[in-house]
Amino acid sequence: MYLNAATVLNNIRIRYMKDKIYTYVANILIAVNPYVEVKDLYSSQAIRSYQGKSLGVLPPHVFAIADKAFRDMKVLKQSQSIIVSGESGAGKTESTKYLLRYLCDLWGSAAGPIEQKILDANPVMEAFGNAKTTRNNNSSRFGKFMEVHFDSKCQVVGGYISHYLLEKSRICMQGPEERNYHVFYLLCAGAPEQLRQQLYITKPDDFHVSTHALKSVI
Ligand SMILES: Nc1ncnc2c1ncn2[C@@H]1O[C@H](COP(=O)(O)OP(=O)(O)OP(=O)(O)O)[C@@H](O)[C@H]1O
């Protein structure tokens, strides 16, 4: 009855306590990061169940937003955009991956070769552009604009990822408790044993590698 920030927040809090991390405000989806796996929330069955359903028919979900964009593209024959925003650690990167998975895997079946390529680009992008910060162990330090291209039969035929404003200063210096980009640690972890010993890397996930040591690997 009373629609204001306080009542919306209270509603989101009550829903969150019941493991309902998604809430609609009109056709905007609010997601609260659960920081734990919510059982069956993103299963192939869940993907199938949201297919072709209007917003509001099933409980609020990131898949419902992806499906609406897909259906609007099909009906209106126009490109659609989904904006994912929030503070660091809010869950944007994970939500984007679920959106992409839905769009590339519409019927909950195995993705085709192009779809798989689009999905497989993510770990590479994250290696070069994500790092541990005090707020998020896998923080994206760049903005991205991702396109999924469909043909007239609504089959995925390609994709494109534009990146913006990579935090380049992190390569030279990181704040206390923060890390450089994942790729450097992956490189160290994959280095030959002799080199690893030189760098004092004793185990694959030993990330306390100095900037000097990283430079010598590069
Ligand atoms: N839907 C989810 N279910 C379970 N855990 C999640 C979910 N979304 C995010 N997380 C957890 O929260 C962490 C941070 O989320 P994510 O990296 O998506 O945040 P972000 O908004 O992209 O942050 P940044 O702006 O720093 O890149 C993830 O590594 C994951 O552990």
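All values below come from the heavy atoms of this structure, side chains included, with hydrogens, waters and symmetry mates left out. Not measured: the values here are computed from a predicted model. Both ligands and their constituent atoms are indexed starting at 1 by order of listing.
The closest protein non-hydrogen atom to atom 23 (O) of ligand 1 is G89 N, 2.8 Å. For atom 6 (C) of ligand 1, the nearest protein heavy atom (residue, atom name, distance) is N33 OD1, 3.2 Å. With respect to atom 1 (N) of ligand 1, the closest heavy atom belonging to the protein is Y42 OH, 2.8 Å. Of the protein's non-hydrogen atoms, the one nearest atom 19 (O) of ligand 1 is G91 N, 3.1 Å. Of the protein's heavy atoms, N136 ND2, 3.0 Å lies nearest to atom 17 (O) of ligand 1. Counting only heavy atoms of the protein, atom 3 (N) of ligand 1 lies nearest to P34 CG, 3.3 Å. For atom 4 (C) of ligand 1, the closest heavy atom belonging to the protein is V36 O, 3.2 Å. Distance from atom 31 (O) of ligand 1 to its nearest protein heavy atom, with residue and atom name: Y35 CD2, 4.6 Å.
By the criterion of a heavy-atom distance under 4.0 Å, both the backbone and the side chain of T93 are placed next to ligand 1. Looking at E87 against ligand 1, only its backbone comes within 4.0 Å, counting heavy atoms. Under 4.0 Å from ligand 1, not a single heavy atom of N137 appears. Of all the heavy atoms of F142, none lies under 4.0 Å from any atom of ligand 1, so neither backbone nor side chain is involved.
A donor-acceptor contact shorter than 3.5 Å is absent between the side chain of H61 and the backbone of I47. The closest donor-acceptor contact from the side chain of D19 to the backbone of V38 lies at 3.5 Å or more, if one exists at all. No donor-acceptor pair under 3.5 Å is formed between the side chain of Y181 and the backbone N or O of R170.
With atom 28 (C) of ligand 1 as the reference point, the heavy atom nearest to it among E37, E94, K92, R141 is part of E94.
Of the inter-residue distances, the one linking R141 atom CZ with K132 atom NZ reads 12.0 Å to the nearest 0.5 angstrom. Interatomic distance, OG1 of T23 versus CZ of R15, reported as 4.0 Å (0.5 Å rounding).
In this pair, Y42 and Y98 present their aromatic rings parallel. The plane angle is below 30°, not in the 30 to 60° band.
Each of the following atoms of ligand 1 lies closer than 4.0 Å to a heavy atom of N138: 17 (O). Heavy-atom proximity to S139, at under 4.0 Å, picks out these atoms of ligand 1: 24 (P), 26 (O), 27 (O).
Taking both residues in full, the closest heavy atoms of L103 and F70 are given as CD2-CB, 4.1 Å, listed atom of the first, atom of the second, then distance. Residues P34 and I21 come closest through the heavy atom pair CB-CG2, 3.8 Å.
Under a 4.5 Å side-chain heavy-atom cut-off, the cluster of Ile, Leu, Val, Met, Phe, Trp and Tyr residues that includes I28 has no other member.
No side-chain donor from either of D40 and Q45 sits under 3.5 Å from a side-chain acceptor of the other.
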